[in-house]
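Worksheet for the structure shown next.
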Amino acid sequence: MPVQTKADVVVIGAGIVGAMSALHLQQQGRNVVILDRTGPAAGASAGNAGILAFPEIIPIPSPGVMFKAPKWLLDPLGPLSIRPAYALKIAPWLWHFWRASSRKVFEQGIVTQAAMMELAAVEMARIRAIPELAPFFDNTGTLDLYDSEESFDAAAHDWREKEKAGFEFRRVNRKEIEELQPGLAPQFQHAMYSVSGVQINDPKEFTRAVCAQAEAAGAALRIADVTDIAATGDSATITLANGETIEAGTVVLAGGAWSKKLTARLGDRVPLDTERGYNTTLPSQSFNLKRQLYFNDHAFVVTPLSHGIRVGGAVELGGLDLPPNYNRSKSLLAKAGRFLPELDTRGGTEWMGFRPSLPDCLPVIGYSKASRSVVYAFGHGHLGLTQSAATGKLVSDLVAGRATGMSLAPFRPDRFN
Ligand SMILES: Cc1cc2nc3c(=O)[nH]c(=O)nc-3n(C[C@H](O)[C@H](O)[C@H](O)COP(=O)(O)OP(=O)(O)OC[C@H]3O[C@@H](n4cnc5c(N)ncnc54)[C@H](O)[C@@H]3O)c2cc1C
């Protein structure tokens with residue numbers, strides 16, 4: 001006889017979004033079971049750059065982006081690539097991306113992201129106040145570097161929008177750049193410095209620690225592969241790979257880039273795909289890195305972690321199944337070596353992760369059309385760590401049926417239909 005159990009709330013996925021959702025729900029007095037087929041921090045949350053990128057309110061699909069894309073695509077190891085074997089499959093996603101790049105949708109996206117980031121900063125401050133989690137936060141400040149005055153000027157609109165949203169930063173000249181980060185190649189004469197730049201110094205251990213906090217508050221963590229969800233009246237039933245079923249008052253789907261199969265089981269058509277990203281983590285002694293460095297014209301970052309220096313970024317559209325192409329991380333590392341001539345690029349560990357991405361670069365946070373007993377929380381793309389605590393708060397409001405305090409219309413699962 002297959003085992004049948006009952007639960008109050010089941011969270012599928014122990015990445016940073018699932019962990020934050022579980023912690024918030026448990027703090028609100030719910031009884032949570034967290035299920036992950038591998039364990040905490042098995043996906044994108046393990047190897048990201050660790051940046052709490054609250055000022056990143058500018059959507060990637062922007063007017064004119066489709067004119068820039070072909071130039072990037074010409075360089076097979078450039079900031080954006082499409083794996084030939086995946087080109088047809090990604091076409092519908094790219095069509096939605098193109099539609100999201102209209103001026104109207106882009107400007108609405110800035111308003112939405114600004115509101116989400118305001119909540120993200122408030123909720124992450126609450127997480128930082130937990131003594132066991134506070135040591136993961138570092139206030140390093142952020143240096144945004146540009147190759148030329150022309151590219152610096154081209155970013156003026158984005159900086160104006162960030163200023164309007166209340167973020168503080170200042171333009172710095174070469175002398176100040178050298179003080180903020182000695183050892184940068186002379187081409188970097190133009191930069192913006194954000195003194196309030198914050199980061200998580202070990203994203204993998206942070207995710208595990210958030211999970212551990214949820215467990216300490218009473219949540220149960222189980223290794224289990226969820227193969228099906230069905231909405232059954234005012235509850236939902238999930239099926240595990242071993243045949244076991246769990247009937248839950250509410251299921252929160254936070255399965256990152258792998259969430260789409262389960263949404264389809266509930267009849268929701270969500271154009272979730274993945275923007276694969278690559279990086280290399282070098283030993284700490286590789287360079288005297290003072291703070292996060294964004295190389296804006298090359299779409300990659302260098303961040304100081306507690307256990308090393310992480311060099312990475314870029315976007316590869318290639319789905320969930322194709323093998324990694326580590327020439328991409330090698331290419332980013334080689335560029336970093338040119339931009340930071342004293343960087344020792346030997347002895348690193350390469351990694352590829354699956355950003356869970358919707359074409360408009362906004363997450364899905366909302367109820368399944370099948371039932372309010374299924375809440376979706378996935379698709380945070382480049383910003384999942386940054387927006388994880390805010391998502392946890394919104395998820396716990398949805399589970400409780402409370403008003404969320406901000407409109408979730410831009411995050412609706414059916415917004416592309
Ligand atoms: C190179 C790179 C750099 C990045 N840098 C940053 C950054 O600096 N700042 C930032 O904010 N964001 C960054 N991101 C994005 C961020 O990492 C992601 O948005 C975030 O980690 C997504 O979290 P998640 O919990 O939704 O998904 P994941 O971390 O991928 O977790 C999903 C979990 O669900 C589990 N799962 C899935 N399906 C099932 C199933 N059926 N049954 C059981 N378990 C299941 C998986 O095992 C996994 O553990 C970066 C991403 C990449 C790739």
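Start at 1 and go down the list; that is how both ligands and their atoms are numbered.
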Distance-only donor-acceptor check, side chains Gln292 and Gln181, under 3.5 Å: no
Non-hydrogen atom of Ala53 closer than 4.0 Å to ligand 1: no
Ligand 1 atoms in contact with Thr386 (distance to a heavy atom under 4.0 Å): 9 (N), 10 (C), 11 (O)
Donor on one side chain, acceptor on other, His380 and Thr391, under 3.5 Å: yes
Close-contact set for ligand 1 against Ile16 heavy atoms, below 4.0 Å: 23 (O), 25 (O)
Whether Gly381 lies under 4.0 Å from ligand 1, heavy atom: yes
Ligand 1 contact on Ala224 by region, counting heavy-atom pairs under 4.0 Å: backbone
Side-chain H-bond candidate by donor/acceptor type, His307 with Asn201, under 3.5 Å: no
Ligand-residue contact atoms, ligand 1 with Trp258, heavy atoms, under 4.0 Å: 30 (O), 37 (C), 38 (N)
Polar contact flag, side-chain donor to acceptor under 3.5 angstrom, Ser368-Asp268: yes
Contact with ligand 1 for Ser388, non-hydrogen, under 4.0 angstrom: no
Proximal candidate to atom 8 (O) of ligand 1 [heavy atom criterion; set Thr38, Ile51, Leu383, Thr391]: Ile51
Distance filter under 4.0 Å to Leu385 heavy atoms, resulting ligand 1 atoms: 10 (C), 11 (O), 12 (N)
Atom 28 (P) of ligand 1 [closest protein heavy-atom partner, distance rounded to 0.1 Å]: Ala44 N, 3.7 Å
Ligand-side contact atoms (ligand 1) for residue partner Gly15, heavy atom cut-off under 4.0 Å: 25 (O), 29 (O), 31 (O), 33 (C)
Polar side chain donor-acceptor pair, His382 to Glu275, under 3.5 angstrom: yes
Donor-acceptor pair between Thr280 and Glu350 side chains, under 3.5 angstrom: no
Side-chain H-bond candidate by donor/acceptor type, Arg338 with Gln187, under 3.5 Å: no
